[in-house]
Each structure stands twice: as structure tokens, then as C-alpha cells.
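Beneath this line is the structure, given in C-alpha cells, with notes to follow.
Side chains are part of it too, since the values below use all heavy atoms of this structure and drop only hydrogens, waters and symmetry mates. All chains are named by letter (A, B, ...) in the order of the sequence lines, taking the proteins before the strands, and each is independently numbered beginning at 1.
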Amino acid sequence: MTWTWFHRLASPPHLYRTAGRLTPWFAWPAALLILAGLIGGLWLAPPDYQQGDAYRIMYVHAPSAWLSLMVYTIMAVAGAIGLIWRMKAAHALAAAAAPIGASFTLATLVTGSLWGKPMWGTYWQWDPRLTSELLLFFLYLGYMGLRAAFEDLQRADRVSAVLAVVGVINVPIIHYSVVWWNSLHQGPSVMYLGRPTMPPSMLVPLLLMFLGFTLFFAAVVLVRLQGEVLNRERAARWVEEEVGA
Amino acid sequence: MTPTRRRRLLLVIGILAGVSIAGGLALSAFRQNVTFYFVPTQVAAGKAPLGESFRLGGMVAKGSVHRTPGSMQVRFMVTDYKHEIPVEYSGVLPDLFRENSGVIVHGKLLPDGVFLANQVLAKHDQYYRPPGIHQTWGIQHGDPRDPALAVSATASTAAAHGSSTIEAATEYAK
Amino acid sequence: MMRFLDMGGYYPWVWPAYAVTLGVMGLNIYWAKRLRERARRAALRRLQTQEEP
């Protein structure tokens with residue numbers, strides 16, 4: 001196996017240009033998928049026999065929750081790679097991803113709360129799933145706060161990466177919290193594609209949303225990555241070629 | 001890999017291992033001590049803190065809901081299909097409060113064995129389908145296999161309790 | 001149309017949930033572009049100050 005692609009990715013100009021070239025390839029499919037998911041979820045999917053139309057909150061809540069976990073995992077892996085191989089590009093990726101993950105974690109908490117009030121009868125309970133997701137939000141805030149606390153980018157990269165790696169333990173806890181403990185929150189619906197828990201008319205819009213949100217993250221993180229790469233480059237000639245003129 | 005990289009890799013693995021162990025210990029402590037709600041079997045076994053407020057979870061037994069006309073007063077049985085506990089509550093019920101559906105009530109167990117609730121929360125499952133259609137995707141709602149009930153007073157591990165719930169379910173289905 | 005907007009009576013929960021999520025998406029796009037733009041300008045400034053001496 002050849003590692004040239006990996007080393008080329010680590011080269012800032014190559015990374016900057018690749019990120020710029022790839023962005024539209026993620027952004028447009030994301031826009032189309034989310035639009036289709038919105039139409040499918042809000043209009044075409046039938047109401048639920050128990051929850052009526054309130055269950056439609058799932059179409060924004062579940063994909064947001066998925067992003068909140070996926071993004072943190074990406075940050076932890078990137079942070080570990082950055083720590084071990086001293087790879088600036090990996091640190092840049094983690095730094096670029098954090099605010100996106102934090103915002104979708106907040107969206108998860110708020111939409112969950114808006115779903116919980118009419119269905120469960122409460123906005124918030126100190127339930128294992130809800131509490132661990134709130135902890136994830138604080139981990140994101142801690143990560144960003146830690147980064148902001150260091151003047152020196154390299155030290156910020158390293159210290160925050162340790163937090164990202166350590167905090168990743170919370171990700172499986174969130175996912176399995178509804179299995180391990182008594183919880184107000186129901187079990188996972190889509191994770192078992194082998195035996196889907198809803199008919200195709202409800203499932204297809206949800207899957208479109210999952211894919212759409214994931215591609216949306218990819219597009220946004222690439223734009224942020226370009227910014228992070230530029231901030232890490234001190235007066236290299238390629239920067240002049242890219243942003244000069 | 002160069003020696004320094006190997007050292008850094010070992011360091012990161014070491015941190016991960018340490019955190020996993022700490023996390024694992026915290027989890028097992030959690031599993032024993034932190035319970036969001038108790039099921040009737042646990043209450044019957046004396047595992048719930050009877051002197052103080054706690055949460056009771058289970059299914060609303062079929063045909064057990066009695067409303068006092070002209071008031072917010074409601075009585076129902078919470079069951080895990082092994083034990084039942086009568087619950088009294090006065091107040092607004094969530095939209096999803098139904099018979100044969102998951103419920104979590106917060107309150108105190110009175111000496112006469114009645115659970116006096118000050119809050120009633122509905123617990124729904126992860127199964128969705130259109131109204132009027134009875135084809136099932138996954139497990140039917142209201143079924144004792146409902147994960148709202150996927151708790152067992154005696155279960156020591158998640159895996160064991162999963163299978164014991166299914167067994168209980170097949171017993172019930174007979 | 002009114003039936004759609006009413007969401008079976010759950011409109012006070014459904015629409016805010018969608019608004020919050022789409023708002024978060026919009027903000028993400030805006031913040032990402034702003035970060036890249038600021039980084040570009042900062043890089044340009046660094047290049048110019050280096051050329052002077």
C-alpha cells in the first residue's frame with residue numbers, strides 16, 4: 001500500500017486546493033437530499049399511529065444527533081493522528097469540525113426538547129441519554145474554549161487534541177445509554193437496518209436526511225478547513241498564488 | 001515508524017487505555033447506583049428507595065385507567081407483566097398516555113401500597129407506522145417485548161437482560 | 001394547506017424544531033465562509049507586511 005496520497009493530503013497547498021475543489025461536490029447533493037428529505041418527511045410520509053405529526057421532528061432530530069456523534073468521533077481520530085504523526089492537517093480538520101459538531105449538538109438538544117414536551121410531557125429530564133448528550137455539548141465547548149485559550153496554534157492543537165481523544169469515551173456511552181440503563185428515551189430506530197422499525201414511506205425520508213446532513217457537514221468542514229489551513233501557513237509562496245492577485 | 005513516533009503512539013494508546021478503564025469503572029458504578037426509574041418487580045423486591053420519591057416505570061395495564069368524573073384525578077396500574085402497582089395522579093397527562101403504553105411516574109409509594117404520583121411522563125418506543133395499518137415493522141408497540149419494558153430487576157448484564165425480556169415476552173404471548 | 005401547517009395540532013413543536021435546525025445549517029454556512037474569508041485577508045496582510053522591508 002502506498003501512502004503518497006496521505007502525505008500529499010498533509011501538504012497545505014494540496015489540501016487547500018483539494019478542499020476547495022471538493023466542496024461543491026458535497027454541497028449540491030447535500031442541498032438536494034435535504035430538500036427531498038424535507039418534502040418526504042413533512043409532506044409525503046404518513047403521520048404516526050401513536051404520535052401523529054409530532055414524530056416528524058425525528059427528521060431533523062435524529063440526523064442532528066447522528067452528526068453530533070460522528071463529528072466528535074472524527075475530531076478524536078484526527079486529534080490522535082495529529083498527536084502521533086505531528087500532522088498539522090489533522091489538527092486543522094479537528095479544529096474545523098468542532099463548531100459544526102457543537103452547533104448540531106445544540107440542535108439535537110433543542111429539537112429533542114421540543115419533541116419531548118408534547119410526547120413525553122417534559123422538556124427535560126436528567127435521564128442517561130439526555131444527560132450524556134448534554135455532556136457532549138460541554139465537551140465541544142471545552143474543546144473550543146481550550147483552543148481559544150492558547151496563543152500558540154501548535155500548543156492549542158496538541159492540548160485540545162488530548163481532550164478530543166479522552167472525551168470520545170462519551171460517544172459509545174451516548175449511543176448505548178438507552179440500552180444499558182432505564183431511560184425515558186426510546187431505543188435506536190435506524191441503527192438496525194436489518195429490521196427497520198418503520199415502513200419505507202417513513203424510513204426513506206429519514207435516510208435521505210441522514211445522508212444529506214452528512215454531506216452538509218463534509219461541505220462546511222471543507223470550507224472551514226481551507227480557513228484553518230491558511231491560518232497555519234506563514235507566508236508561503238502558494239498562499240500568494242491562491243489568495244493574492 | 002521512528003522511535004519518537006512509536007513513543008507518541010504508545011502515549012496516546014496509554015491515555016486511551018487509562019480513560020477506558022476509568023470510564024468502564026464509572027460505568028459499572030453507574031449501572032449499580034444510578035437508575036432513572038424502577039420497574040414494579042424491582043419495587044416488589046424492595047430495591048426502590050421506599051422512604052423517598054423515586055420514579056416508577058412500566059406499562060399502563062390494559063383496562064386499568066379510571067378517571068374520576070369532573071376532576072383531574074386518575075388511577076391506573078403500572079405493570080411489567082410480573083408485578084403491578086396502583087398509581088394515583090391528579091393533573092395533566094401527556095398526549096401519549098394510553099393503556100398498554102410505556103409510562104414513567106415520579107412520586108412516593110404510600111404505606112398502603114399505592115404510588116402517589118406528582119408527575120406522569122409517557123415513554124414511547126422506536127417503532128413508527130401509519131394509523132390503521134397493522135403490518136408491523138420490527139416489534140409491535142404495546143407488546144411486552146416493547147423496549148419500554150426492556151428492563152429487568154434481576155438482569156446483571158445488558159445481554160442477559162435482553163434475552164430474559166424476550167423469554168418473558170414469549171411466555172406472555174402463549 | 002392549513003392542515004399541513006397545523007401539523008395535527010403539533011405546530012408549536014414541529015415548526016420551531018425545523019426552524020432551529022435549518023437556522024443552525026444557515027449559520028454554519030455563514031460562519032464557515034466568514035472564517036475562510038478572514039483567513040484569506042489575514043494571509044494577504046502577512047504577505048504584504050513581509051514584502052515591505
Side-chain angles (χ1 to χ4, degrees), chain A residues 45-52 54-55 58 76 79-81 83-86 116-122 125-131 161-162 165-170 172-173 176-192 195-203 206, chain B residues 1 4-6 8-9 11-13 15-16 18-20 22-24 26-27 30-31 34-39 42 55 57 92-98 101-102 104 106 119-139 141-142 147-148 150-151 158 162:
Chain A
D48 179 55
Y49 76 121
Q50 284 268 323
Q51 302 191 35
Y55 94 99
M58 171 181 77
I81 292 174
L83 285 176
I84 296 163
W85 285 281
R86 290 285 145 94
K117 183 62 185 168
M119 291 297 106
W120 296 342
T122 181
Q125 287 286 309
W126 293 101
D127 153 283
R129 167 60 72 83
L130 278 57
T131 309
V162 172
V165 170
V166 168
V168 80
I169 184 77
N170 191 34
I173 292 181
Y176 289 106
S177 56
V178 291
V179 181
W180 288 341
W181 299 299
N182 291 352
S183 169
L184 176 60
H185 196 284
Q186 72 281 11
S189 279
V190 197
M191 286 302 173
Y192 307 114
R195 45 179 186 87
T197 58
M198 60 189 90
S201 55
M202 292 172 162
L203 184 63
L206 185 59
Chain B
M1 238 188 275
T4 40
R5 275 183 192 161
R6 193 187 303 274
R8 271 186 239 134
L9 180 64
L11 186 73
V12 172
I13 291 173
I15 293 174
L16 259 183
V19 170
S20 315
L27 279 187
F30 242 133
R31 194 173 281 177
V34 176
T35 317
F36 187 68
Y37 62 83
F38 295 88
V39 295
Q42 286 170 309
R55 286 189 198 83
V92 183
L93 292 165
D95 292 6
L96 277 189
F97 177 86
R98 309 171 182 189
S101 189
I104 296 174
H106 181 263
Q119 186 182 36
V120 174
L121 301 177
K123 178 175 159 71
H124 63 81
D125 59 25
Q126 67 270 48
Y127 302 101
Y128 306 89
R129 61 187 160 92
I133 292 194
H134 294 290
Q135 187 193 338
T136 51
W137 287 268
I139 305 169
H141 184 86
V151 278

Could you walk me through whether A:Trp120 and A:Gln125 pass the side chain to side chain contact (heavy atoms under 4.5 Å, CB included) test, one step at a time?
-> CA-CA 10 Å; A:Trp120 296 342; A:Gln125 287 286 309; 5.9 Å; no
Yes or no on side chain to side chain contact (heavy atoms under 4.5 Å, CB included) for A:Met58 and A:Gln51, after CA distance, side-chain angles and deciding distance?
-> CA-CA 11 Å; A:Met58 171 181 77; A:Gln51 302 191 35; over 6 Å; no
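Note on A:Ala45, A:Pro118, A:Ala54, A:Gly52: by heavy-atom pairs under 4.5 Å with chain B, the leading option is A:Pro118.
Only the side chain of A:Met202 comes within less than 4.5 Å of a heavy atom of chain B; its backbone N, CA, C and O stay farther away. For chain A, the nearby parts of B:Leu121 are the backbone and the side chain; heavy atoms of each come within less than 4.5 Å. When heavy atoms are compared at a cutoff of 4.5 Å, B:Val92 does not approach chain A at all.
Just one of B:Gln42, B:His106, B:Arg55 meets the side chain to side chain contact (heavy atoms under 4.5 Å, CB included) condition when paired with B:Tyr37; it is B:Arg55.
A:Leu206 is listed as a side-chain neighbour of A:Met198, based on a closest heavy-atom distance under 4.5 Å.
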